[in-house]
Amino acid sequence: MLIPSLELGLEKMLRACTAAAEAGQCTDAIDYLATWLMRNNPMHNPEALVRLKAERAAAQQRAASDAARQLEIERRAQAAYEWQLAHDVPTLELRHEYGTVSLSIDLPTLNKIAEPPSESTV
């Protein structure tokens, strides 16, 4: 529970220090962070424990979403690569909402690699 608590505390500290600096005030970041961590200790503050659990669940959901997005990108890139090979297209560009994947294949080299070895070299 230490790292998630510290992460939330650092985020709150940065926001508070930024707001204070914009207002022309001076804030001691270390004191702010120490106070926040004492007040929001999940061992002694049930509300902090609920917030930490909610934050952890949200982080896990974001990680799962990112992993699913990455798998979709890889699946599309593989499909584009297979299509490119099947249609003898030297360059193919796949565009979608997450970015662009450009595949360039040197077909003569690829065909040379794909050829079975001749009887004389065996």
Is there a chain of hydrophobic side chains (I, L, V, M, F, W, Y, each step under 4.5 Å between heavy atoms) that links Val50 to Leu8?
-> no
According to the side chain to side chain donor-acceptor pair (under 3.5 Å) rule, which pairs have a member within residues 37-48, sequence neighbours left out?
-> Asn40-Arg51
Nearest atoms (heavy-atom pairs only) where Leu52 meets Pro42 = CD1-CG, 3.4 Å
Can you list every pair that meets side chain to side chain donor-acceptor pair (under 3.5 Å) and has a residue in residues 13-32, with sequence neighbours left out?
-> Glu11-Arg15
Here the gap from Arg56 atom CZ to Gln61 atom CD, rounded to the nearest 0.5 Å, amounts to 15.0 Å
Which pair of heavy atoms, one from Met13 and one from Ala29, lies closest together, and at what distance?
-> SD-O, 3.4 Å
Are Trp36 and Leu14 connected in the hydrophobic side-chain network, where two residues link if heavy atoms are under 4.5 Å apart?
-> yes
Of Arg76, Arg69, Glu74, the one forming a side chain to side chain contact (heavy atoms under 4.5 Å, CB included) with Glu72 is Arg76
